[in-house]
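Read through the structure below, which is laid out as structure tokens, and then see the notes.
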2 protein chains.
Amino acid sequence: MAGSAHRPQPRSSPDGRTAQTRAALIAGAIAALREVGYAGASAREIAARAGCNQALVFYHFGSVSGLLLAALDDISARRLAAYTGLLARSSSLADLIDSARAIFHEDLESGHVAVLVEMITGAASTPGLGEQVAERLAPWRTFAAEAVRQGLAGSPVEALLPADDLAHAVVAGFLGLELLANLDGDLGPALALFDRARQVATLLDFAGSVPSARPGGRS
Amino acid sequence: MAGSAHRPQPRSSPDGRTAQTRAALIAGAIAALREVGYAGASAREIAARAGCNQALVFYHFGSVSGLLLAALDDISARRLAAYTGLLARSSSLADLIDSARAIFHEDLESGHVAVLVEMITGAASTPGLGEQVAERLAPWRTFAAEAVRQGLAGSPVEALLPADDLAHAVVAGFLGLELLANLDGDLGPALALFDRARQVATLLDFAGSVPSARPGGRS
DNA sequence: GTCTATACTTGGATAGAC
DNA sequence: GTCTATCCAAGTATAGAC
């Protein structure tokens, strides 16, 4: 039931004027969240960026938070598709770290994770919004767990750090790095961290390929 | 120069009515940031929690963001004192992880890190606020670097992960875990992570105490 | 130092013309 | 479906009484 409210007749052609307006509003919402944060993402601010009228926010999305959630949906869909593609193409842990670095870099430059972070923290001021944001974060967490499972398959790390625990840390790490990079306007430290992780990953890839180097390995 | 504006005569006795009001406003600001976020932390909202008049926010702190920064200063001072005490009492890496877990738990329950996170993300909507928040975050980062340096002294991890890089990851991790725990209303996964880290730390403590287990060790 | 009252601004939301 | 006009609520900030 959540999500079905205030959707006007989607009867017009797939990329008619209506769809264009909705898309422009979503793009404007993303830009606003990125540049002026949740507190600054008002209907007027967003409409100005979309080049249309403030009233259309309410016509198409019912409320400002309705639009912000739609923007989050939009980002999630596009980002997860990109992530999944990268994951499928990674055959080693080092590959996976490289992919994660590329994802982080791209997301940061385009501000996608910033939008997510703003929504998570901003949700506190709007009753009921927290649950809806959490729902939309769920697929990212599932994806992280899958990536970790794939990257650690057969690694000695598995025994020490279960995939689910590590996945939680990975998501938290992404969000935290984004927070700091955004505040500092400098993603250097975060990228340096990925480079270090890559070195460790290379070691683990090697350890995984040498059976005798796996303590407790039984197969 | 920033910070000296709008400070009314501190001529009254140290814990006179003035100091009480200022303290109540700061406490109200912290509670508001924690419960309704940056976007909801208005002068009226804060004054209501402080049990005083809205106009006093401007009299004592000049503006709402002035008060919020004062609140952040207050938290930083008290938290860093507590952290430093814990650090001084930790003699092994496992001890340090235990301390970190205790810090995280306490901060989360009391909402101190939530305040920091709200200020970091909320700063985007108020020009110039970002730099001031960054200034106040700096001591936390310095502390993290010291803790990491102390915890890793003589550990084989040092060669792979320089202390500064790791410290950046630790701060990002804290902020990210806070973000998730706050959204979910569940700090279980974060605490589980600390437990895992503690296990690894115990291993490293052991490795550090056995010279032959340190590859490349030269002393 | 603290309060009441108020000026001014911005934002959410709706009605109705086109 | 989009716009203009408008209402109302909430927010920042100041003036002036006490």
Side-chain angles (χ1 to χ4, degrees), chain A residues 5-26 28-29 32-33 35-71 122-129, chain B residues 5-26 28-29 32-33 36-71 122 124-129:
Chain A
H6 281 285
R7 196 179 306 144
Q9 315 85 314
R11 297 212 160 276
S12 52
S13 58
D15 51 84
R17 180 99 173 277
T18 300
Q20 280 179 24
T21 300
R22 288 179 62 99
L25 281 172
I26 286 177
L33 278 174
E35 288 165 38
V36 292
Y38 183 91
S42 68
R44 289 177 157 92
E45 172 74 32
I46 294 169
R49 288 168 191 267
C52 74
N53 194 276
Q54 170 257 144
L56 290 179
V57 168
F58 303 94
Y59 176 76
H60 285 292
F61 301 95
S63 66
V64 173
S65 50
L67 168 53
L68 296 180
L69 285 173
S125 69
T126 308
L129 190 54
Chain B
H6 281 284
R7 197 179 306 145
Q9 314 86 312
R11 295 211 161 279
S12 51
S13 59
D15 53 83
R17 181 98 174 278
T18 300
Q20 280 180 23
T21 300
R22 288 180 61 99
L25 282 172
I26 286 177
L33 279 174
V36 293
Y38 183 91
S42 68
R44 288 179 156 89
E45 173 74 32
I46 294 169
R49 289 168 190 268
C52 74
N53 193 275
Q54 170 258 143
L56 291 178
V57 169
F58 304 95
Y59 176 77
H60 285 292
F61 302 95
S63 65
V64 173
S65 50
L67 169 53
L68 297 180
L69 284 172
S125 68
T126 307
L129 190 53

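Quick note on labels: first sequence line is chain A, next is B, and so on, each numbered from 1.
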N or O in side chain of B:S42 less than 4.0 angstrom from D:dA10 OP1/OP2: no
For a quick test of your reading: what N or O donor-acceptor pairs under 3.5 Å do the side chains of residues 47-54 of chain B make, sequence neighbours left out?
from: B:R49; atom 1: NE; to: B:E45; atom 2: OE2; distance (Å): 2.8
from: B:R49; atom 1: NH1; to: B:E35; atom 2: OE1; distance (Å): 2.9
from: B:R49; atom 1: NH2; to: B:E45; atom 2: OE2; distance (Å): 2.9
from: B:N53; atom 1: OD1; to: B:A55; atom 2: N; distance (Å): 2.9

Rounding to 0.5 Å, atoms CZ (A:F61) and CG (A:L56) come to a distance of 10.0 Å
Measure the CG-CD1 distance between A:L67 and A:I26 for me, rounded to the nearest 0.5 Å. 6.5 Å
Classify the nucleic acid contact of A:V57 as base, sugar-phosphate or nothing, counting any heavy atom under 4.0 Å across all strands shown. nothing
Here the gap from B:T21 atom OG1 to B:Y59 atom OH, rounded to the nearest 0.5 Å, amounts to 10.0 Å
Just the rounded figure in Å: distance from C1' of C:dT14 to CZ of A:F61. 18 Å
What does the list of N/O pairs under 3.5 Å between the protein and nucleotides 2-4 of chain C look like, with a distance for each?
from: C:dT2; atom 1: OP1; to: B:R17; atom 2: O; distance (Å): 3.3
from: C:dT2; atom 1: OP1; to: B:T21; atom 2: OG1; distance (Å): 2.4
from: C:dT2; atom 1: OP2; to: B:H60; atom 2: NE2; distance (Å): 2.7
from: C:dC3; atom 1: OP2; to: B:N53; atom 2: N; distance (Å): 3.0
from: C:dT4; atom 1: OP2; to: B:N53; atom 2: ND2; distance (Å): 3.0

Between the side chains of B:T126 and B:Y38, does any donor sit under 3.5 Å from an acceptor? yes
Taking CZ from A:F58 and C1' from D:dA9, how many angstroms apart are they, rounded to a whole number? 13 Å
Close side-chain approach of B:L129 and B:L68, heavy atoms under 4.5 Å: no
Rounding to an integer number of Å, can you tell me how far B:E45 CD sits from D:dA9 P? 18 Å
